[in-house]
Number of protein chains: 2
Amino acid sequence: MVSSAFRRVATSSVEDLPGGPRGYLVLVAVASGEPPSQLALARQVNLDRTVMTYLLDDLEARQLITRRPDPRDRRARQVLITEEGRAHLERTQQSLSIAEARLLADLDEHDARQLRLLLTRVAQTAQREALTPEADC
Amino acid sequence: MVSSAFRRVATSSVEDLPGGPRGYLVLVAVASGEPPSQLALARQVNLDRTVMTYLLDDLEARQLITRRPDPRDRRARQVLITEEGRAHLERTQQSLSIAEARLLADLDEHDARQLRLLLTRVAQTAQREALTPEADC
DNA sequence: TATTGTTATACTCTATAACTATA
DNA sequence: TATAGTTATAGAGTATAACAATA
């Protein structure tokens, strides 16, 4: 229930972004560090490179990102965030914080910290499990 | 991350069930109490009645449920779980418990209880929010 | 020959509407 | 006329494979 509630709340925060949650993850990935290639992005966000093409087409049409050939490897393209993209990203992140706060409204500061701590520990377990998904069942 | 890890782990537990997670929810709903109509089931699991038809077709083909006309209203059909369906459901539930335990492996009994408690409180908040989804900024 | 990105095709899922049989 | 269930159709989303450019 918590998971689906979070999804619902978060989805509404990113729904005016091309690609929804995916568009958001891509913007986050592009916003920091070296401009990644499309393939690197696809792996980072766990998307097929063909749908990454469509997604970037949409983001570029809305002028949130731009593409340019990588001077070191002209097969690849560097993906860069625009001013508009960065502004849009910040608005989305604010909206997400508000949504999260509303979800945790009934927890005081101590309990909220406790929950984040426990979830972080579970997340670490989950990440280790993710390395050996075949072990399932 | 926890949410998607849980989804992945849970999905693997129900993947041999027609309809996957949905098939599981339907089996759970059918397993207890009065045999529900297809429409009641659809509402309970939050599915369209047309896809419920397909889903029940698949579950019936695998002999996990049966349908029979409701004697009180011959437009409606009662959905019943079979012996095989009940056995399959129990196996799935065991698999889900094991999956959950693996996800919480790094938490001792006290921490696990604490996490369930906090999540329950958040779930209650979420349920209240669900009643007024239009309030989503 | 392998890799990045693009495009085309097919396939699955979902949503909508039309249909039947009952009420 | 309205409702339970079914079926048909169309649309969106996704995956696969083929292609061009470059390494």
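Proteins get letters first, then strands, A, B, ... in listed order; numbering begins at 1 in each.
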- Item | Spacing between B:Asp48 atom CG and D:dT6 atom P, to the nearest angstrom | 13 Å
- Task: Look at the side chain of A:Ser3 and the backbone N and O of B:Ser3, then say whether any donor-acceptor pair between them is shorter than 3.5 Å.
- Result: no
- Message: Quick check: on DNA chain C, is the nucleotide nearest A:Asp57 upstream (toward 5') of the one nearest A:Arg43, or the reverse? Name the residue that is more 5'.
- Response: A:Arg43
- Message: Given D:dT7, D:dG5, C:dT6, identify the nucleotide with an atom nearest to the side chain of A:Thr50.
- Response: C:dT6
- Query: Starting at CG of B:Leu55 and ending at C1' of D:dT6, how long is that distance when rounded to a whole Å?
  - Reply: 15 Å
- Message: Does A:Asp108, at its CG atom, have more than 12 non-hydrogen atoms belonging to other residues, nucleotides or ligands within less than 6.0 Å?
- Response: yes
- Task: Please tell me which of the listed nucleotides, D:dG5, D:dA4, D:dA23, lies nearest to the side chain of B:Arg75?
- Result: D:dA4
- From D:dA23, C:dT22, C:dG5, pick the nucleotide closest to the side chain of B:Arg74? C:dT22
- Item | Protein-nucleotide distance (B:Asp70, atom CG; C:dA21, atom P), rounded to Å | 19 Å
- Would you kindly compare A:Asp73 and B:Ser37 by the position of their nearest DNA chain D nucleotide and give the one closer to the 5′ end? B:Ser37
- Query: If you measure from the Lys or Arg side-chain nitrogens to the Asp or Glu carboxylate oxygens, is any gap between B:Arg128 and A:Asp106 under 4.0 Å?
  - Reply: yes
- Message: Name the residue from B:Val26, B:Thr92, B:Asp58, B:Leu89 that meets the side-chain contact (heavy atoms from CB on, under 4.5 Å) definition with B:Leu17.
- Response: B:Thr92
- Message: Measure CE/A:Met52 against P/D:dA15 and give the value in whole Å, please.
- Response: 13 Å
- Query: NA contact type, A:Arg49, heavy-atom cut-off 4.0 Å: base, sugar-phosphate, or nothing?
  - Reply: base
- Atom-pair distance (CG on A:Asp58; P on D:dT14), nearest Å: 12 Å
- Task: Measure from the side-chain N and O atoms of B:Gln63 to the backbone N and O of B:Glu84, and report whether any donor-acceptor pair falls under 3.5 Å.
- Result: no
- Is A:Arg67 touching bases, backbone alone, or none of the nucleic acid, heavy atoms closer than 4.0 Å? sugar-phosphate
- Message: Just the rounded figure in Å: distance from C1' of D:dA23 to CZ of A:Arg77.
- Response: 16 Å
- Task: Measure from CD on B:Gln38 to C1' on D:dT7 and round the result to the nearest Å.
- Result: 13 Å
- Task: Using whole Å, report how far OH of B:Tyr54 lies from P of D:dT7.
- Result: 8 Å
- Note on the structure: Considering only heavy side-chain atoms of A:Arg22, the closest of D:dT7, D:dT14, C:dT4 is D:dT14
